[in-house]
Amino acid sequence: MSYDLNDAPDLVTLLRQHVTDRPHADVLGFVADPDDIRHGVLSWSYERLDYQARVCAVWLQRHLPERSRVLLLYPSGLEFVAALVGCLYAGMIAVPAPLPGGYRHHRQRVAAIAANADVGAVLTTSAKMAETREWAAVSGLAQVPIAASDEPGLSKPQDWNPPRVDRSTPAVLQYTSGSTGDPKGVVISHDNILYNVDAQDGMGWPNRMRLGGWVPLYHDLAMQGLLLAAILCGAYVLLMEPLVFVRRPVRWLQMIDVHDLNVTHAPNFAYDLCLNRVRDDEVAQLDLSRWHVAGNASEPVDPVVLAAFSKKFAPAGFRPEAFAPIYGLAEATGYVSGHNGRQPRVQRVDLGTLAHGSFAPPVAGQPVRDIVSCGSPNRSCEVLVVDPVSRQALPDGRFGEIWLRGRSISRGYWRGQNAGVFGASTSAGEGGFLRTGDIGAIYDGELYVHGRLKDTLIVHGRNIYPQDVEQELRAQHPELGKTGAVFSGLATESGGSDAEAVVVAHEVARAVAQDRLPALAAEMRHTVGREFGVQVAAVLLLRPGAVLRTTSGKVRRSAMRKLFCEGELTALYRV
């Protein structure tokens with residue numbers, strides 16, 4: 001029997017069907033030599049992926065009972081994919097995580113993930129084995145078995161036994177990036193993944209899909225939106241090490257051009273980095289005309305960046321309608337809404353009515369804000385905008401909390417940390433919703449997302465959205481860097497705050513002289529007061545890179561507020 005995403009009984013059955021139907025077709029590639037984009041690529045066929053996955057699966061089945069959690073600590077590359085599929089083949093639950101590295105915060109975070117998931121084993125590569133063992137020894141995991149999945153002779157793939165799984169079986173624990181709190185493990189089932197990838201067809205996939213990108217594979221944007229979308233659809237995905245992109249952003253665009261990729265996803269900052277770091281002579285050598293979906297997700301989408309990127313790369317054939325602002329989150333298996341085949345819609349909103357929760361056209365002479373649409377809600381999830389206090393469903397054109405319901409929604413967090421998030425009911429008694437904590441509105445049939453509920457400041461009954469303040473400051477003060485954090489200056493045990501104690505912490509460009517900082521800080525306070533009617537209690541000007549961000553680029557405003565309140569936020573200048 002032949003299956004597709006809609007009727008496959010589980011992920012393993014569908015993958016094995018692809019192995020049978022197209023054993024020698026390339027499914028995965030990795031840019032091993034970024035200085036030779038055309039020829040420096042390692043590729044695996046479905047047959048090779050299946051072989052390497054069974055090697056992992058046999059070792060796991062020999063050492064662990066089914067449904068055990070397996071921590072995957074890998075650099076980006078083919079071995080990560082083999083380990084992920086190997087966990088599926090073994091009936092285990094994959095726990096993708098970043099390599100611990102040498103930074104204390106990263107090491108502690110990965111240790112917290114391992115402890116929360118109660119992992120039964122760790123898989124890594126032979127090149128990372130020594131540092132993984134060292135980290136495990138100091139993280140209370142010395143007794144947990146660790147294996148290098150690329151080690152020759154790890155196991156005999158012919159000894160593999162198909163697992164007992166179905167669509168309800170947990171497949172992955174996707175740990176959240178933790179922008180507003182400790183990371184939690186989202187339980188993602190076989191059904192969640194199959195249904196969500198099938199629903200992504202609403203983004204207007206090209207008939208011949210070739211995907212690729214550099215986003216870390218443990219992140220849901222890469223794992224669900226690129227990797228699993230490709231291997232489950234019988235397509236091809238080309239991977240790149242994130243540091244290659246950071247060091248030379250043009251490598252990403254060259255990869256898209258040379259390897260005929262038509263779908264890729266990245267956070268907004270990636271497109272901004274290309275604007276600033278790709279030279280005009282490099283643009284002249286690119287052909288981006290076959291780029292069909294340029295996904296922009298995981299952090300707020302800046303309409304200025306969309307317009308500037310489209311203009312700069314138009315000579316290379318980039319089309320504005322290729323841009324696909326996407327809304328998604330781990331709790332919804334990654335994708336909620338996105339591309340609909342036309343140029344992104346940017347809505348100009350009156351800042352005054354926005355402060356009172358309304359989506360209204362601008363008034364002449366009044367401050368405005370441009371907000372980018374994330375497309376029309378589709379069958380991935382049912383989308384509802386709800387007043388977060390009264391739990392009353394709001395009409396179109398009103399901002400509230402985004403609630404979601406449907407088959408893409410996870411069953412909950414690992415170990416049941418679900419209070420107030422999953423299974424929410426409206427005041428009218430409609431139940432089964434996920435409370436996202438995101439602020440948004442439905443306007444003219446499209447979803448507009450505008451920040452996080454926990455980050456919103458309330459000043460004299462008005463909502464002040466920190467990203468609006470940050471964006472306005474950067475627009476009026478070019479000396480500022482790319483990243484800032486606006487937050488309340490006081491924190492309480494209950495999570496409340498004195499909303500009038502507004503603090504602006506913002507990076508400045510390296511070229512700004514020290515004697516210029518006092519005047520710049522004063523000008524920033526004046527800008528916020530004039531544009532938003534808000535008195536700023538403190539301004540901190542920071543060195544580049546000082547604003548904390550998650551792995552996907554979101555500003556960690558709660559963490560910045562904590563550092564400020566504890567007196568640990570080091571500034572070049574403060575007032």
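Just so it is clear, the values below take in all heavy atoms, side chains as well, and ignore hydrogens, waters and symmetry mates.
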**Message:** Suppose the criterion is ring-ring contact (aromatic ring centres under 6.0 Å, His included): which pairs have a residue in residues 144-164, not counting sequence neighbours?
**Reply:** Tyr89-Trp160
**Fill in**
For residues 60-80, the ring-ring contact (aromatic ring centres under 6.0 Å, His included) pairs (sequence neighbours left out) are Trp59-His63
I'd like a table of donor-acceptor pairs (distance under 3.5 Å, sequence neighbours excluded) in which one partner is a side-chain atom from residues 136-148, with atom names and distances.
{"from": "Ser139", "atom 1": "OG", "to": "Trp135", "atom 2": "O", "distance (Å)": "2.7"}
{"from": "Ser139", "atom 1": "OG", "to": "Trp135", "atom 2": "NE1", "distance (Å)": "3.2"}

Counting C-beta onward and ignoring hydrogens, is there a side-chain heavy-atom pair between [X] and [Y] closer than 4.5 Å?
{"X": "Leu15", "Y": "Asp50", "value": "no"}
{"X": "Arg69", "Y": "Met92", "value": "no"}
{"X": "Leu288", "Y": "Arg319", "value": "no"}
{"X": "Ile409", "Y": "Cys381", "value": "yes"}
{"X": "Trp44", "Y": "Gln52", "value": "yes"}
{"X": "Val215", "Y": "Pro267", "value": "yes"}
{"X": "Met560", "Y": "Phe487", "value": "yes"}
{"X": "Ile326", "Y": "Tyr335", "value": "yes"}

**Item:** Proximity of Phe323 and Tyr271 rings by center, below 6.0 Å
**Value:** yes
**Prompt:** Taking it one step at a time, do Asn6 and Tyr195 satisfy side chain to side chain donor-acceptor pair (under 3.5 Å)?
**Reply:** CA-CA 7 Å; Asn6 185 54; Tyr195 185 79; over 6 Å; no
**Prompt:** With a 3.5 Å cut-off and no angle check, do the side chains of Asn116 and Tyr175 form a donor-acceptor pair?
**Reply:** yes
**Request:** Answer with yes or no whether the side chains of Asn196 and Ser408 bring together a donor and an acceptor at under 3.5 Å.
**Result:** yes
**Asked** Rounded to the nearest 0.5 Å, how far apart are CZ of Arg561 and CZ of Phe564?
**Response** 11.0 Å
How close do [X] and [Y] get, counting heavy atoms only, and between which atoms?
{"X": "Gln174", "Y": "Ala330", "answer": "CG-CB, 3.9 Å"}
{"X": "Leu71", "Y": "Val110", "answer": "CD2-CG1, 4.4 Å"}
{"X": "Gly225", "Y": "Leu211", "answer": "O-CD2, 3.8 Å"}
{"X": "Gly334", "Y": "Asp220", "answer": "CA-OD2, 4.0 Å"}
{"X": "Ser189", "Y": "Arg411", "answer": "CB-NH2, 3.9 Å"}
{"X": "Pro249", "Y": "Cys274", "answer": "CB-SG, 4.0 Å"}

Ignoring hydrogens and geometry, is there a side-chain-to-backbone donor-acceptor pair from [X] to [Y] under 3.5 Å?
{"X": "His190", "Y": "Leu11", "result": "yes"}
{"X": "Arg48", "Y": "His24", "result": "no"}
{"X": "Ser337", "Y": "Cys374", "result": "yes"}
{"X": "Gln254", "Y": "Leu286", "result": "no"}
{"X": "Ser155", "Y": "Val55", "result": "yes"}
{"X": "Lys312", "Y": "Leu275", "result": "yes"}
{"X": "Ser310", "Y": "Leu306", "result": "yes"}

Inspect the surroundings of [atom1] in [X] and state if more than 12 heavy atoms from other residues, nucleotides or ligands are less than 6.0 Å away.
{"X": "Arg38", "atom1": "CZ", "result": "no"}
{"X": "Arg62", "atom1": "CZ", "result": "yes"}
{"X": "Lys562", "atom1": "NZ", "result": "no"}
{"X": "Arg247", "atom1": "CZ", "result": "no"}

Does [X] pair with [Y] as a salt bridge, N-O distance under 4.0 Å?
{"X": "Glu134", "Y": "Arg107", "value": "yes"}
{"X": "Arg543", "Y": "Glu507", "value": "no"}
{"X": "Arg251", "Y": "Glu282", "value": "no"}
{"X": "Arg54", "Y": "Asp159", "value": "no"}
{"X": "Arg167", "Y": "Asp10", "value": "no"}

**Prompt:** Taking only residues two or more places apart in sequence or in another chain, which ones pass side chain to side chain contact (heavy atoms under 4.5 Å, CB included) with Pro300?
**Reply:** none
**Request:** Using the test side chain to side chain contact (heavy atoms under 4.5 Å, CB included), find all partners of Asn262 that sit at least two apart in sequence or belong to another chain.
**Result:** Pro206, Arg210, His292
**Prompt:** Does the ring of Phe269 carry Arg549 above it, NZ/CZ under 6.0 angstrom from centre and within 45° of its axis?
**Reply:** yes
**Request:** Hey, can you tell me if Trp214 and Phe245 have their rings parallel, tilted or perpendicular (30° and 60° cut-offs)?
**Result:** parallel
Side-chain donor-acceptor pairs of residues 118-128 under 3.5 Å, sequence neighbours excluded:
{"from": "Thr124", "atom 1": "OG1", "to": "Leu73", "atom 2": "O", "distance (Å)": "2.7"}
{"from": "Thr125", "atom 1": "OG1", "to": "Lys128", "atom 2": "N", "distance (Å)": "3.3"}
{"from": "Ser126", "atom 1": "OG", "to": "Asp150", "atom 2": "OD1", "distance (Å)": "3.4"}
{"from": "Ser126", "atom 1": "OG", "to": "Asp150", "atom 2": "OD2", "distance (Å)": "3.2"}

